[in-house]
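Because only heavy atoms are used, hydrogens play no part in the values below, and waters and symmetry mates are left out as well, while side chains stay in.
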Amino acid sequence: MLDKTYDAKAVEPKIARLWEESDAFAAGAGAAEGAEAFAIVIPPPNVTGSLHMGHALNNTLQDILVRFERMRGKNVLWQPGMDHAGIATQMVVERQLMEQQVHRRDLERQEFVDRVWDWKAQSGGIIVNQLKRLGASCDWSRERFTMDEGLSTAVVEVFVTLFKEGLLYKDKRLVNWDPKLLTAISDLEVEQQEVNGQLWHFRYPLAGVRFDPQDDKTFVTVATTRPETMLGDTAVAVHPDDARYRKMVGKQVVLPIVGRLIPIVADEYSDPEKGTGAVKITPAHDFNDFEVGRRHKLRAISVMTPEAKLTLTENDDFLEGLDVTPEVRSRLAGLEGLDRFEARRRVVELMEEGGYLAAVEPHKHMVPHGDRGGVPIEPFLTDQWYVNAAELARPAIAAVREGRTKFVPKAWEKTYFDWMENIQPWCVSRQLWWGHQIPAWYGPDGHVFVEKTEEDALHAAIQHYIAHEGPMKALVEDLLENFRPGEILTRDEDVLDTWFSSALWPFSTLGWPDRTPELQTYYPTSVLVTGFDIIFFWVARMMMMGLHFMDEEPFHTVYVHALVRDKNGAKMSKSKGNVIDPLELIEEYGADALRFTLAILAAQGRDVKLDPARVAGYRNFGTKLWNATRFAQMNGVARNDAFWLRDAKLTINRWILTELTRATREVTEAIAAFRFNDAAGAAYRFVWNLFCDWYLELLKPVFMDEDAAAKAESQAVAAFVLDEIYKLLHPFMPFMTEELWARTAGEGGERSTLLCHAAWPSPEFEDAAAASEINWLIELVSGIRSVRSEMNVPPAAIAPLVVVGANRTTSDRLVRHHAAIARLARVGEVSHAVEPPKSSAQIVVDEATVCLPLGELIDLDAERQRLSKEVARVTEEVARVMAKLSNERFVANAKEDVVAAERQKLAEYQEAQERLQAALARVRDS
RNA sequence: GGGCGAUUAGCUCAGCUGGUAGAGCGCUUCGUUUACACCGAAGAUGUCGGCGGUUCGAGUCCGUCAUCGCCCACCA
């Protein structure tokens, strides 16, 4: 006998253990030989991560699909794993070290990396257990990590191959540099933030003219938001068509403070409408200026260190071509080493002192910030590794265009195309220690060798250097002779962008580059489930890498779900610290309740704003099902395989089987179409509003009756329907349903399989007549209840029923269902009459008028009011439908079945109207 | 500056290919029953953001405006 309430805390761990001990989720578990494959790769959570609502939603949806397909008999793999999360993880361990006053740079690189591995072993990956608590049915035996041996092999393979194909190269250009984390980051890791800044107007004196701040013929005014970069200016640009400046093109200005002579160039980049129409050009510190510099062969002078502090007096690049007078020297010395913001203030002061500051105005503008470090990023001139993304994007675009990969909802395809078609070179190198170190080695002359191993690189280097006469050949030969080959090469210090390895996830986790059986079976995977925030970071890159290395798209469907937002509608993120903890909800209401809530809220293309009250509501739903089972058990409901459903005789049984068929279709179709909310909703309605509210209630008199055959049939049918309910709900509420499945195995019986391996239902039972009969019964009972309630009839009072105008069908039904009606509507004897008795409440159901002769109990005013309201309602309907039908254009243009349906409606409304009016008239008379 | 999405019951949200609205929570009243008070019964509540248009008919399609949100973008 079940307890009155379901104890999630006790059951969930028990069921989890049961699944684990039986390897229930191993790849292909429960599937027949040769079954169709269904694979999902998990979006690998960060090893530093802990379960937040986004994970909970993401993994709930995946688990629903996976459990559903597993039950449908497919050969299912849900591939789990974690991401090493380069910057995030390195920051965590660095923070820990700082607590012991140790800086990363105080350690050897290998020592630091070892510490990160230690950290991972101890406190990394707690999210895996949290996912298990959620019920995620991954094949945990196949768990992978982006830095493990196999995946690292794949990373090296890809890097080397792309390099040799010319799709990956090293380039010196401006990158987004994070001066706090001291690494390059990709465009995607830059967030634009609006800043209330200022716009400074500077006068740059013309060379060879005596500068006079009052005389605008002696200078050119430029405007800037970043005064400190002026130290690296190498030109002023004006628009070629700008009449104001035409005569100045080709002349030079003297860069204030520095004293460098720089040219005025004509370039279309300069916008006559903006600022003063003349713009300072700093190729080493601005992306646009870099391009202008290239066009005009200008020098790019970097004036900052990686920490974004000024470097001038010892910066050869800066000093080159500069006439450093003592005055200049002292000014520069005063600026040396200043942080960029401090430098900004100081530069403005110096400009003002010299009379070069023309104006300052407040200015709102967007400033790029690093999404991890949170500080403004600096365009910085460095050598980095780039992937030719435009080339790889081409087949990735085609795959979606041709429908080989579909986005659900489809609207995301536009986002994907927009980005892919304008894709920039992808900077994949990072100046970190934690990650895949780039497999590139440099010879003494800086020549680069990209190979899978150091041995290969050395081999390549030796061949390369020995082949050509020269100093390198001698040096290498000398090193070899002295048995010091290790000194020939130096390895590239940098590691790869974390997304580089995640881009390979759909095939690297399956064993690539080896052609493993798993790879053959499960690639391409079936569905990728993810939030839209990582379409660019991850989905796009998996598409590129998958197509390039596997020649096939990595998944057929990308299901893009909404983001779970906080109560203000803001995106939840670790860095913002506004996460609601799903574990607390699991603790309070159970994993099933949380899962069901997330599923029913996951309408396509909508944000999910989570209200804990709903979780409580769906926990109640679980309890309801639990108690329905409990009730069934109390009445001897048990599996009876000898009973042939088709032989069910009772209308209620034939009805519930029909409704079950309908509900099953709804749930099945909805899951298959990724309409999780519809699926959950359909199951909910069937269980609560049909099975519990009506079927079990209608069964009560059957169970109390003497009729053994009816009882036995109902017990068998109820047991069958419950089993099907467990199956339908299992993808949503796996723990409770698995428990109920076990607890309803029957006398001495054990289930032949776990519920998670049971076959998904595909019932075919349909009996329209039974359906309409029970719907009539429901309408009748509801009508009587409604009247009783509105008439304030005491609940205990049992009223007789007088039926007027009933046809044969209705009369038969009244006899057949008398027990149920009596019980559910609290009525006694049923009799037939030609005229309704005096002082009775009247309900119109189809052709019959059902009367409750309440005598003294009846409140005539109330009844009159009630009937008037009914009449008014029906009259309104009649008027509406009549207006419609008398509109000839409607009759002429609307579809036939629509018109027919309206006619039918009219007839019904009119009949009801007549009867209700008659009823009202009788009440008035009495 | 470009793009996308939202605006439906007090709250949170459904509403597929057009036939005039639903759920959960909350609220009101009442609780006799072979499970369930995490329950049952009955009930109230909506100019479907505004304005136009297409259509016999629009919450649903089109245009436009308003408000809010998100994404992308190098603008001095």
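Between the side chain of A:N288 and the base of B:C74, a donor-acceptor pair under 3.5 Å is found. Within 3.5 Å, no donor on the side chain of A:R630 pairs with an acceptor on the base of B:C36, nor the reverse.
Residues from residues 695-705 of chain A lying near RNA chain B, meaning a heavy-atom separation below 4.0 Å, are A:E697, A:K700, A:F703, A:M704 in numerical order.
By the ring-ring contact (aromatic ring centres under 6.0 Å, His included) test, A:F202 is found to be paired with no residue, residues two or more places apart in sequence or in another chain being considered. Annotation: side-chain hydrogen bond (donor to acceptor under 3.5 Å, both in side chains) contacts of A:Q715 (sequence neighbours excluded): none. In this structure A:K414 satisfies the side-chain hydrogen bond (donor to acceptor under 3.5 Å, both in side chains) test with no other residue, sequence neighbours excluded. For A:F890, there are no ring-ring contact (aromatic ring centres under 6.0 Å, His included) partners, not counting sequence neighbours. Looking at residues two or more places apart in sequence or on another chain, you find no ring-ring contact (aromatic ring centres under 6.0 Å, His included) involving A:H818. Residues satisfying the salt bridge (charged side-chain N to carboxylate O under 4.0 Å, His left out) criterion with A:R743, sequence neighbours excluded, are A:E739.
Atom-to-atom, NZ of A:K280 to C1' of B:C75 comes out at 13 Å; the value is rounded to the nearest Å.
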For nucleotides 61-63 of chain B, print each protein N/O atom paired with a nucleotide N/O atom at under 3.5 Å, atom names and distance only.
none

* Asked: In dot-bracket notation, what is the pairing pattern of RNA chain B, taking Watson-Crick (N1-N3 plus N6-O4 or O6-N4) and G-U wobble (N1-O2 and O6-N3) contacts under 3.5 Å, with [ ] crossing and | for other strands?
  -> (((((((..((((.....[..)))).(((((.......))))).....(((((..]....))))))))))))....

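Rounded to the nearest Å, the gap between the C1' atom of B:C38 and that of B:G43 is 23 Å.
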* Structure fact -> Letter by letter from the 5' end, nucleotides 20-30 of chain B scores (B base, S sugar-phosphate only, - none; protein heavy atoms under 4.0 Å) B---S------

Review item, side-chain donor-acceptor pairs of residues 276-289 of chain A, under 3.5 Å, at least two apart:
from, atom 1, to, atom 2, distance (Å)
A:T276, OG1, A:T221, O, 2.5
A:T276, OG1, A:A278, N, 3.3
A:T276, OG1, A:A278, O, 3.2
A:K280, NZ, A:T229, OG1, 2.8
A:K280, NZ, A:D233, OD1, 3.0
A:K280, NZ, A:T282, OG1, 2.9
A:T282, OG1, A:D233, OD1, 2.6
A:H285, NE2, A:V303, N, 3.0
A:D286, OD1, A:N288, N, 2.8
A:D286, OD1, A:D289, N, 3.0
A:D289, OD2, A:T282, N, 2.7

For residues 874-881 of chain A, run the donor-acceptor check on the side chains, cut-off 3.5 Å, and write out each pair with its distance to 0.1 Å, sequence neighbours left out.
from, atom 1, to, atom 2, distance (Å)
A:T875, OG1, A:V871, O, 2.5
A:T875, OG1, A:Q913, NE2, 3.3
A:E877, OE1, A:R880, NH1, 3.0
A:E877, OE1, A:Y909, OH, 3.4

